[in-house]
Structures are given as structure tokens and as C-alpha cells.
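Worksheet: the structure to be examined is printed underneath.
Numbers here are sequence positions counted from 1.
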Amino acid sequence: MKIFIAVLHKILNVCKLVPMLPIVIVSALPIALLWDFRPWDKPFWFVDPSIGQWIVIVLVAYTVIDTLRGMIDDIRHGHVGVDILAVVALLSTMAVGEYWASWVVVLMVFSGSAIEAYAEDKAKNNLTALMEAAPQIAHVADLPGVGSGAHAVSGTDDDARTMSRVDRVMAADAPEPDARTAEDADADIAHAPYRTVPVDQVRLGDVLIVLPGETVPVDGELLSGSATLDLSNINGEPVPREVFAGARVMSGAVNGSATLTMRATELARDSQYQRIIELVSSAQESRATVVKTADLMAVPFTVISFVIACSAWIVSADPTRFAQVLVLATPCPLLIAAPVAYIAGTGRLAKAGIIIKTQEVLENLGRVSHVFFDKTGTLTVKKPQVVRVEIAGAVSSDTVPPAAEGAPAPARSGRRPYTGLDADHILMYAGVVESYSVHILAKGIATGGTAVMDRLKERAANGETLAAEDEWLVDARSYPVVRGVTEDAGNGVSGEVNGHRIRVGRFAFVTATEDGTAAAQTAATPDVAGRGAAGAGGFRATVDAARRRQEAKASALAARKLTVAQMFGELAPDEMATYVAVDGELAARIVLKDVPRANAKESLDKLRGMGVERLTMLTGDKRASADIIASEVGINDVHAELFPEGKVQAIVDAKRENPKRQPWWDKLIARFVGESTTRSITMMVGDGVNDAPVLAAADIGMAITDGTSTAASESAQVVIMNDDIAAVPRAVAISRRTKRVMIQAVCLGLGLALVGMIAAAFNLIPVVIGALMQEAIDVVSILWALTALIDKD
């Protein structure tokens, strides 16, 4: 019963899209009942149609006028109007007195429109799902001094500078509240009075409340301590992501089981989800070259149809043969099946988290012959990752995580090893203070510290006995106590974590005392600056003092470098380091490096399996570092130490080369539209703003993002929203399958139509049966085009 209701609902929806279809179907009954009914005595003119036949004449007249109007509109919009076949078929069947055939052709015209509407709706179902998930309302908190109206409420500059309760709780350096906690403040605002407004009425700075299970209405900043968000609508990420206070939350994300509060930083029209919808919508409304070519191919098909029809009429001397042929002449496989297949392919890409700007890109993706990859953030993870922690003055055996294969072991020194915190706790506490930093290495260290914290909490949950230092880890929801975090831009960050003074950054920064002078670690450095200057007079003494200061500075730098090498050893070419001091004593060196994405090699192997053999890395990084990553992911062609203009030149040079293979249908279409078949299709895959010139220079620019940024996408034609390099071969596979299905649908439909027309020319198919067969051919070709929706890649 449910299936029947669902089918009936779909039929009713189709009838709403094409209101004439049910009218034509219902008209069959009065036509049949009044077929021979003539209430008049004299015939009109030289024909004498019955009431039933007059109904058919009225339907035909309306259909011809409506079709001609549609043809004119198509031509005005730059499309080829070839519905002339349907018009001539209607008029010819009427002329030879085949009224039932005329009715069937009318039915064919409107049912074809209904099938087209259904097919496009089915092909656009992923966009429809995006549209339906778009946020419609927002809950704006009504609290004094909170939100965009805070200044207006207070009325003074002093009051405007006074932070709201939520902001005070979330401030990093705020003192701990005596009787109330951050959770209490969250609960206050989460349960505060709010008003529900349409999402387009949200103003910048408004504090919004998002209830459990609701969709985040606009882009904003999280005020709650933490929140769990489902980002599958944005980037296809299947696992909910936990974010913390200060993080960016995007419109379209679905809130978890707890109420969250946020501050609006974008208007609804500028938010991330709306931009995604606009990109997908514009792509599905665009027309690929191959679809335009299909339109043009409909013209010779129309000519062939008229030639067969006229030949049959002339040879047989029977005008009915003309009508028999034309009722089978259907350009629908070209006019409907081709665009439907491409719309379906665009929808599949959107479902996979791959957004394209035009259908032209979908067509070219399948012809890619040379792919260029940026290194950092594309083939590697977004930020350098921690590979080991080296204890000062000793070789650490409990590094976190294990040392990278092939990395040199740190050299032992005569200095006494640090005997305070172990490597786990050093990384964990360093990660805590680095979470407040914006330095390029901060995120990797923070991620490593979080991994340690999670592991220790898991051990505590399993009943393992922990040291007094780690008692706070017993509660899985607890976090370290952090005070006084400050950052010295370009040097490092410091703060107090669980009572330990932590410094993370450059060697000179972490080994300095509170007043900025060198600490005991570098006390052995020769310090002759200024020696002899006192008591000496005259110009020569001043010059000598300046020279000695320069020599002392150079000597101190050399000694410091020697000290670092003695304590920790040399770094590999692709490694970088930051240093950690605990309670004023140099404790460890955290070594980081660019790590290839886990699935980078597999993704590149898939591209080669599709015939894309030419894979190239373009990077501004040093040759040694680039070669290491290239060997790990399986790329042999490496262009390193490039400036942006050098990357652009590499793309330009590749465009002059010929592809190794090109499908025969591409060659046929290219020749038909006058396009060269010898030029390769290049694609650049990058992630950052510095990739923008190269993304624009390539035939296809593909930007890999995590759904939170569209910086590179301004110059890219393809945007991967789920930060997954596996989407690169998947996009190529979907494109190729889409074009393959389109070609199959067109060839199948046109082939059946040609066979039917030839059979009708020899009087093997009656007019009425031919009209019904034409409808069946349309259905078969369009349904075949819809198989582009099936996920077989």
C-alpha cells in the first residue's frame, strides 16, 4: 500500500508539472464515446469530423501553437529548436485522417515533457536534497548586552568594551570563576529567551542558539565550550566532528545532542552552505559542449527523417507513408537524454562532495591526460605532523609517535638528560599551549598533544593506575588548567599548564630567562661582547669594540648551533623542529615533518589505472624534501624550488604536449565542433591561496578544501569539499562514466528511431503503432541516461 501511495504521489507531482498530460489522457474517453456522433445535417467544408474527432483537432491545434512557441523561446536562448518534427507529424496525421494517431502524437508530446521533467528532477535529486536541508530559521538570543545590539543597549564606549557573560567565560586569560563554571554560563545562555526569525534576518554579531538536531543557520563563531557537528551536508564527512570554543561553525552543519550558542560572522546570503548551493545550481543549469553538440546533431537527424519520409511517400505514392515515418522520428535522445545524463553526473559529484562550476568541467574531467599536484597540503597533510619527541641531552626511547623510518638518531651529549616530565607529557602540555597559537607548526603539535591526552584518558578509563600528575585524566570530560597564555609572534608561545610553566618555540626563546637573557643552557657560550671597551678611548677603541661585538655574536650563534646538535642531533632534510622548556629548563625537541596523506599513493595509482600516466609534483619546497614525498606517493616527475610563475610555466609547457590516448567519441565530437584533438587536458590540484595562479592556468583547476574555506576555489573550476585526495580519481571516474552513459543513451535512441523509420517507410508499422513505439524509444533512451546516477565507480 505504501508503494502504491508513493507511486501515486509521484504521478500527481508529474501531472502538476505538465497539466495538459492528464487532460489529454482523460480526453480519450469522450473521443471514443463520441467518435461517430455528428449532431449536424451538413458537413463543414469538404471534411466532416465527428465530435470526438473535433476534440482531437482542438488538442492538436493547442499542441502545435504551444510547441511553436517553445521552439521560438529555445532559439531566443541560443538552443536549437527541432520540435518541427512533432509539428509536421501532427499536421500530417491530421491531413491523412489518422485522428487516433494524432491523439497519440499529442500524448507523446506532453508525456515526453513529463518524462523530461521527471528525469531532470531525478537527476537533480542531490541538489534538491541540498536545497531542502538549507536552514530556514534562526533562534536569536534575547539577552541584554549580547549580540549585535550590545553597544546600542549600553550606550557608552566603556559599556561597549565590557564583554558579555559568555565572552568572559570563553576568554583564554580570564580568571577562573569562583562559584560558577563555563558550563553554568553555557546553560544560562542556552536556556535564555530567544526569538525565532527567518534566516535572512540574522545580523552580523547576533548570538544564536541552535537546538539539538537543528541546522546551523549562518556561518559563525562557537561560543559554547564544545559542540558536535554533522558536516555530511557540506563535505560528505560521515563522522561527526567535535569543535571547541572559538572554532568556526558553518551553515548547513547539523548540531548534535546538546544545545550550542554561536555568534554570527556572516549573513545568510554569504554563508558557506548558500555558496555551495549556488555553485551546484549554476553547474546543473549550464550546458556542456557535448550537449550543445547533441543539439546541433539534432538538425541533421531532422533532415534525414524528412528525406526518409519524403522518399517513402514518393516511391509508394501514398501520403500515409510520410506520416508513418515522421511519427517515429524522435530527437529526444539528443535533446533530453544528453542533458539529463550530464545533470545526473553533476548531482553525483555533488553527493560525493565534489562541486563543479559548469558542465563543461564535467566533460573535460574525463579527458584529463596530465595531472599536476601541489605538495604541501595536497599530497601531504595540511600541517606538519609530529614524528618524534627527543628529550634534551639524551636519546628518547619513548617518543610519541615513533621516529620516522630513516631519520637520523639524535647524538648523545655530555649534558645531563632532562629528568622531569616524560615525552608524552611534554608533547601533551606543549600541545595545550600551542592550541592558542596561529603558527604554522602549532596545529600539528596541538594535534599530537590531543592524541596523547586521548590515549592517557583511555588508559584511565580501562582502570590503569595513573600518577598523581594525571589524576585529572580520570574524568573523560576534564581538561588541563591553563593560565596566562601569551605568544611572542615569530618566536613562540608560553603559559602555565597544570602548574608547569611551559615554553614552546625557537631555541633562543625557550632557553631565555624571564627577562629575555640567555639561560644556563647557553652559559658556556663565549661572551666577549664589550670586553675592553671600558677604559679605552677614542675612535679606534670604538671600532675595536664594534668588531668584537660582531665576532662575539657570530661565535655565540655557532656555539648555540653546536649545542643543539650535541643535545639532539641533526635533522633530516624534510624535518623541522620546535623546542620545549618546562619550568625554566630546556626539556625536549619536538620534530615535525610533512607526512603524505594516508591514501595519496592509492589515489595516484587509481589515476594511472584510468590511463592518466603523467603525474607531476609542483612545489616551492626544497628538492630534497620534495623528492622524499614524491618517492613515498609514487611520483617520478618533480619540479621543486619553483616560484608561482615557474609553476605556471610548467602548466603552459604541458599544454603544448599531446595526450597518449583519446576516446574515439571525443575525436568525433572535437572534429564536429572544430576543436583540435591534439592538445592534452591538464589539471592542477592544489589547496591554498598561493596555488591560485596555477589553478587558473591549467585547463582544470581543482581545489582541495575541508569545506571551511573557498580561498583556492576562486580560481578553481572544481572544489573538493571533504579534504580527501581520493576525490580526484573519483571525479575523473564519474566524468567518464557520465559521458559514456550519455553516448550510449543517444546512440541507442537514435538507432532505434532510424530502424523504426525505415520499417515504417516499407509500411511495416502502422501510424498509431509507430506513435506508441516512438514514445517507448524516448522512455528507453532517457531511462538509460538516468543510469548515470548509479554509483559503479
Please check: side-chain N/O of [X] versus main-chain N/O of [Y], any donor-acceptor pairing under 3.5 Å?
X: S735; Y: L362; value: yes
X: T578; Y: G505; value: yes
X: S369; Y: I681; value: yes
X: E487; Y: V493; value: no
X: E641; Y: R623; value: yes
X: T378; Y: K375; value: no
X: T511; Y: F507; value: yes

What distance do [X] atom [atom1] and [Y] atom [atom2] have between them, rounded to the nearest 0.5 Å?
X: M262; Y: S251; atom1: CE; atom2: OG; answer: 8.5 Å
X: L379; Y: I629; atom1: CG; atom2: CD1; answer: 8.5 Å
X: K647; Y: L618; atom1: NZ; atom2: CG; answer: 7.0 Å
X: L349; Y: L365; atom1: CG; atom2: CG; answer: 7.0 Å
X: M576; Y: I590; atom1: CE; atom2: CD1; answer: 13.5 Å
X: K351; Y: T346; atom1: NZ; atom2: OG1; answer: 15.0 Å

Residues in ring pair (Phe, Tyr, Trp, His ring centres under 6.0 Å) contact with Y429, at least two apart in sequence or another chain: H500
What heavy-atom pair brings [X] and [Y] nearest, and what distance separates the two atoms?
X: L695; Y: G686; answer: CD2-N, 4.0 Å
X: V482; Y: V485; answer: CG1-CG2, 3.3 Å
X: V504; Y: I502; answer: CG2-CG2, 3.8 Å
X: P596; Y: V633; answer: CB-CG1, 3.9 Å
X: P480; Y: V497; answer: CB-CG1, 3.8 Å
X: A430; Y: V580; answer: CB-CG2, 4.1 Å

SB check [X] [Y] (cutoff 4.0 Å):
X: E632; Y: R597; answer: no
X: D699; Y: R367; answer: no
X: D724; Y: R730; answer: no
X: D605; Y: R608; answer: yes
X: E575; Y: K593; answer: no

Candidate pair M617 and F372, rule side chain to side chain contact (heavy atoms under 4.5 Å, CB included), full reasoning: CA-CA 6 Å; M617 177 193 290; F372 294 85; over 6 Å; no
Pair L604-E602, side chain to side chain contact (heavy atoms under 4.5 Å, CB included): steps then yes or no: CA-CA 5 Å; L604 269 58; E602 178 187 358; over 6 Å; no
Stepwise side-chain hydrogen bond (donor to acceptor under 3.5 Å, both in side chains) check, T265 with D219: CA-CA 6 Å; T265 58; D219 291 1; over 6 Å; no
Intermediate values then yes/no, side-chain hydrogen bond (donor to acceptor under 3.5 Å, both in side chains), H370 and T616: CA-CA 8 Å; H370 194 169; T616 301; 2.9 Å; yes
Non-neighbouring partners of K622 that pass salt bridge (charged side-chain N to carboxylate O under 4.0 Å, His left out), sequence neighbours left out: none
Test ring pair (Phe, Tyr, Trp, His ring centres under 6.0 Å) applied to Y579 and F568, step by step: CA-CA 11 Å; Y579 300 87; F568 299 106; 5.7 Å; yes
Within 45° cone and under 6.0 Å: K443 NZ/CZ vs Y436 ring: no
